[in-house]
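Read the structure below first, then the notes.
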Amino acid sequence: MQQPWQSEIVVSPKQAQNLIAEQFPELVPVSARAYGEGWDNTVIETNGGYLFRFPRREVAVELLETEIALLPKLSHRLCLSVPRPLFVGRPTREYPWPFYGHKKVLGITAISRCLTAEQRSSGARKLGEFLRMLHSIGVQEALAMGAVPDQLSRMDISLRLPKLQAYLHEVKRRGLFPQMGALSRVLESSMPEGHPVSESCVVHGDLHPGNIVVDDFGTISGVIDWGDVHIGSPAVDLAIVYSFLPRQGREAFCEAYGEAAESVWRLARFKAIYTAVNLLMYGLDTGNKVLVQGGLASLELIVDS
């Protein structure tokens with residue numbers, strides 16, 4: 001079965017080095033090394049302080065262009081560091097899509113750290129403030145800034161549920177998660193009644209522990225990978241409450257964030273399960289043990305919701 005994370009073009013460090021040197025002479029001499037990869041982009045570290053994002057799939061090109069337009073306008077309005085495009089590359093004969101570079105957000109991803117419950121909870125208030133600021137940007141202002149409505153039906157339950165059920169069946173078959181009964185009950189209680197999805201604000205769109213950056217003390221310092229930023233339901237981002245925060249941290253988050261409808265929280269729980277299982281399957285398929293352990297850790301937190 002073809003997986004959604006399979007790439008069409010993968011830029012090597014040598015190719016990236018040549019592209020960057022050709023278009024940004026101020027960075028010459030260019031050093032380049034592989035830094036990371038996701039479903040949509042290959043990330044190359046350049047000169048020790050910059051990260052360049054190169055789309056891996058054609059569907060990601062429009063998403064990257066939205067990042068380039070929107071992130072400079074968002075960065076000064078948020079309480080956590082986010083990437084700010086500094087070098088915008090144009091398509092060439094060798095590489096047919098745009099790309100961009102930004103200064104590294106200092107720290108490492110939360111999914112790469114064995115964070116304690118106390119460390120996770122300590123960031124709850126800051127995370128709530130961050131999402132309150134982001135979600136305060138309404139539809140009309142967002143459109144003027146360059147954001148676009150959801151083009152990928154990210155929260156279409158009728159589209160996502162069959163895929164989720166297939167993945168859950170595989171998780172159970174492999175014996176990867178011992179609390180499948182409890183997870184099924186949480187999923188059942190998270191199914192939205194009617195159609196609560198509303199495009200009401202700017203959302204990050206893919207907020208999970210792999211896109212949260214923490215410092216050496218486990219303190220949240222930034223949010224990266226904005227390829228899914230769009231105008232959508234706040235539930236898309238509020239999933240992080242269940243997939244990252246332990247129970248004792250959720251009250252502080254809600255105090256900082258403010259109120260949300262029960263239908264939004266139900267959808268957020270569904271999204272948390274969906275994202276955690278996708279991370280788990282992606283990690284298994286690519287041999288990434290960090291993602292496997294991170295997906296399982298999120299499922300444990302979700303079961304405790």
Side-chain angles (χ1 to χ4, degrees), residues 13 31-38 41-53 67 71 74-86 100-134 204 206-227 237-253 255-257 272 275-276 279-280 282-283 286-302 304:
S31 65
R33 71 174 186 91
Y35 187 83
E37 63 181 37
N41 295 281
T42 298
V43 183
I44 302 293
E45 182 180 20
T46 300
N47 295 4
Y50 300 103
L51 298 181
F52 276 78
R53 289 165 63 79
E67 286 185 77
L71 283 174
L74 287 179
S75 59
H76 69 284
R77 300 184 57 161
L78 303 173
C79 62
L80 294 172
S81 296
V82 302
R84 182 166 183 167
L86 298 175
Y100 82 85
H102 63 85
K103 284 187 178 180
K104 282 199 295 187
V105 175
L106 297 181
I108 64 172
T109 58
I111 204 169
S112 302
R113 293 283 304 269
C114 294
L115 297 175
T116 65
E118 289 73 21
Q119 285 175 316
R120 290 172 182 261
S121 295
S122 69
R125 189 171 300 277
K126 180 65 73 174
L127 193 56
E129 292 173 359
F130 169 81
L131 286 182
R132 174 175 53 79
M133 293 173 178
L134 181 64
H204 176 278
D206 193 28
L207 192 59
H208 58 72
N211 289 333
I212 292 176
V213 177
V214 297
D215 64 18
D216 291 340
F217 302 99
T219 303
I220 298 175
S221 57
V223 175
I224 59 172
D225 195 350
W226 288 74
D237 290 344
L238 292 175
I240 196 66
V241 173
Y242 301 106
S243 64
F244 179 71
L245 295 177
R247 185 184 292 271
Q248 61 264 36
R250 294 170 188 167
E251 182 177 351
F253 175 95
E255 288 176 356
Y257 179 79
T275 298
L279 281 176
L280 172 58
Y282 178 40
T286 58
N288 189 322
K289 294 181 180 180
V290 170
L291 293 183
V292 171
Q293 293 303 316
L296 291 172
S298 286
L299 290 178
E300 291 175 1
L301 289 168
I302 292 164
D304 191 38

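One-based numbering along the sequence shown.
Distance check, rounded to the nearest 0.5 Å: OG1 of Thr109 to CD1 of Ile224 gives 6.5 Å. Between the CZ atom in Arg120 and the CG atom in Leu245 there is a gap of 8.5 Å [rounded to 0.5 Å]. Atoms NZ and CZ, on Lys126 and Phe253 in that order, are 13.5 Å from each other to the nearest 0.5 Å. Atom CG of Leu127 and atom CD1 of Ile220 lie 4.5 Å apart (nearest 0.5 Å). We find the CD1-CD distance between Ile44 and Glu37 to be 9.5 Å, quoted to the nearest 0.5 Å. Note that the CZ atom of Arg113 and the CZ atom of Phe217 stand 9.5 Å from one another [nearest 0.5 Å].
The closest side-chain heavy-atom distance from Ser221 to Ser81 is not below 4.5 Å. A heavy-atom distance below 4.5 Å is not found between the side chains of Phe244 and Leu207. No side-chain heavy atom of Leu78 sits less than 4.5 Å from a side-chain heavy atom of Val223. Within the 4.5 Å cutoff, the side chain of Tyr242 has no heavy atoms near those of the Thr275 side chain. With a 4.5 Å cut-off on side-chain heavy atoms, Cys79 and Met133 count as touching. Counting only heavy atoms from C-beta outward, the side chains of Asp225 and Pro83 never approach each other to under 4.5 Å. Val213 has its side chain out of reach of Leu106: every pair of non-hydrogen atoms, C-beta onward, lies at least 4.5 Å apart. In this structure the side chain of Asn211 reaches within 4.5 angstrom of the side chain of His204, judged on heavy atoms.
Annotation for Ala276 and Ser298: closest pair CB-CB, 3.8 Å, computed over non-hydrogen atoms. Considering all non-hydrogen atoms of both residues, Pro85 and Glu67 come closest at CG-O, 4.2 Å. Between Val82 and Trp226, the shortest heavy-atom contact is CG1-CZ2, 3.5 Å. Looking at every heavy atom in both residues, Leu301 comes nearest to Ser243 through CD1-O, 3.6 Å. Scanning both residues, Arg250 and Asp304, for their nearest heavy atoms gives NH1-O, 3.7 Å.
Every residue meeting the side-chain contact (heavy atoms from CB on, under 4.5 Å) condition with Glu255, not counting sequence neighbours, appears here in chain and number order: Arg125, Glu251. Scanning for side-chain contact (heavy atoms from CB on, under 4.5 Å) contacts around Asn288 gives Thr286, Val290, Leu291, with sequence neighbours left out. Every residue two or more places apart in sequence or in another chain that forms a side-chain contact (heavy atoms from CB on, under 4.5 Å) with Val43 is listed here: Tyr35, Leu51, Arg53.
Note: Tyr100 and His102 have tilted aromatic rings, judged against thresholds of 30 and 60 degrees for the angle between ring planes.
A 6.0 Å sphere centred on CZ of Arg84 holds no more than 12 heavy atoms belonging to other residues, nucleotides or ligands.
Here the side chain of Ser122 pairs a donor or acceptor atom with the backbone of Gln119 at under 3.5 angstrom. A donor-acceptor pair is defined here as one N or O able to donate and one able to accept, closer than 3.5 Å; such a pair exists between the side chain of Ser31 and the backbone of Asn47.
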field: Residue pair Tyr257, Leu238: steps toward the side chain to side chain contact (heavy atoms under 4.5 Å, CB included) verdict
entry: CA-CA 10 Å; Tyr257 179 79; Leu238 292 175; 3.9 Å; yes

